[in-house]
Protein chains: 2
Amino acid sequence: MSAASTPRASTGSATGRREQLLAIAAQLFAEKGFRNTTVRDIADAAGILSGSLYHHFDSKESMVDELLDTFQRELFAEYDATAASDLTPLAKLESMIRSSFRAIDEHHSEVAIFQNDSTYLATFDRFAYLPERNERFEKLWRGLLQEAVASGELRDDLDVDLVYRFLRDTVWVAVTWYRPGGALSAAQVADQYLSILLKGISRG
Amino acid sequence: MSAASTPRASTGSATGRREQLLAIAAQLFAEKGFRNTTVRDIADAAGILSGSLYHHFDSKESMVDELLDTFQRELFAEYDATAASDLTPLAKLESMIRSSFRAIDEHHSEVAIFQNDSTYLATFDRFAYLPERNERFEKLWRGLLQEAVASGELRDDLDVDLVYRFLRDTVWVAVTWYRPGGALSAAQVADQYLSILLKGISRG
DNA sequence: GTCTATAATGGGATAGAC
DNA sequence: GTCTATCCCATTATAGAC
């Protein structure tokens, strides 16, 4: 993409129309699901007619593609930095869990779309990267869990597969109820989640 | 429904054609989502043409309605029996958690449909019972949590709302990976989940 | 960058024959 | 209980005017 190919004169707004439309689409996809959001819904919310959307995007799929791909690149960059650090296995996991809650806070729509629609989207070739990154994620987290058991930081009497899924699910499912700007900050939620996860909820 | 209105001669099979078709629909709805499953998909899987489905059911919505309503009635009957028992608050919760994992095992498709599509379905009047039962569920479980904190069975330094959601989510999200007949039985999964939940995953 | 107009497809549902 | 035939509508996407 050359500088010349990126027009930014006329209207002036630094975040162009394209980004606005993408943000509107993201919110609708997250709220109602990808298939249940029509291009007319998106156009209505943007105050234009559906045909006009195609001046900015190839297709509805292109919109969700751009949203998910951009978000996932950022998130994995954070994970990779943590993985490369010199923390203990458990501390790396804790750090990644905090990154994940931050992602739920800062990229709420994208996480919700991923949670709700990635199975469906993965049936199309262009979204082959979704299952690929899922595998990378699983290898990373599961590997850290095994290291943390080996190093004595975690209990060794639990099924590691099950703990992995417990960990993964408890983090990401929070997108269904967490609302940015609510009573608890993402960091506070992460603290309590980690406390429950590590120490349990029973007393004594 | 009089006995005369329930034909069961000819083919003989005790579970009628209607139940077969319902089971086929349940599996497809669970796998691909309600909106992403066409009546033609269902008919194809049953080896008939789409029009023929309408001899048995009013509409696609009627099918999913019957599936969810029947399942939820059974489940809540179990919860109510537990609530009426003389167990401690925490023991009641444990029992309900075990009931829930059994439901994931025995009514896998219905739970998956509920998890994936109830938000969408709830936008229709006929599914008003979904949010209603959600509220009942929440009152029940949240109430037991508060009682268990008051009785000293559970930690009192955690946000009860957050613990409630943690509890609810960790149970039901298991439907995304649990497969009936797999390596771990539903009872074994429930044991490990409760162990993690109550005691945490950290060592020492 | 948006509108008008419209093509093309897919999907839910119906009526009556067999 | 299933098939044939078909209707009707919603939805994605396109072409060209403004």
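So you know, we letter chains A, B, ... as the sequences are listed, proteins then strands, and number each from 1. Heavy atoms only: backbone and side chains are in, while hydrogens, waters and symmetry mates are out. All values reported here derive from a predicted model rather than from experimental measurement.
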| said: For nucleotides 8-14 of chain D, give me one character per nucleotide, 5' to 3': B if any protein heavy atom sits under 4.0 Å from the base, S if the only such contacts are to the sugar-phosphate, - if neither. | reply: ---BBBB

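Summarising the geometry of B:T37 relative to B:L28, their closest heavy-atom pair is OG1-O, 3.3 Å, with the distance given to 0.1 Å.
Distance CG (B:N36) to C1' (C:dG12): 15 Å, rounded to an integer number of Å. In this structure, A:I48 atom CD1 and D:dC18 atom C1' are separated by 16 Å, rounded to whole Å. Computed from coordinates, the B:I42 CD1 to C:dA13 P distance equals 10 Å when rounded to whole Å. Atom P of nucleotide C:dG1 and atom CZ of A:R17 are separated by 9 Å, given to the nearest angstrom. The distance from atom CZ of A:F57 to atom P of C:dG1 is 11 Å, rounded to the nearest whole Å.
Checking the phosphate oxygens (OP1, OP2) of C:dG1, no side-chain nitrogen or oxygen of A:R18 falls inside 4.0 Å. For the pair A:H55 and C:dG1, the criterion of a side-chain N or O lying under 4.0 Å from OP1 or OP2 is met.
A side-chain donor-acceptor contact under 3.5 Å links A:E78 and A:S99. Remark: the B:D65 side chain and the B:Y129 side chain contain an N/O donor-acceptor pair separated by less than 3.5 Å. With hydrogens and angles left out, the side-chain atoms of B:E153 and A:S202 include no donor and acceptor closer than 3.5 Å.
B:T123 places no side-chain N or O within 3.5 Å of a backbone atom of B:T119 that could act as its donor or acceptor partner.
Within 4.0 Å of A:L49, counting heavy atoms only, lies at least one base atom of the nucleic acid.
With sequence neighbours left out, B:E61 forms a side-chain contact (heavy atoms from CB on, under 4.5 Å) with B:F34, B:S59, B:F124, B:R126, B:F127.
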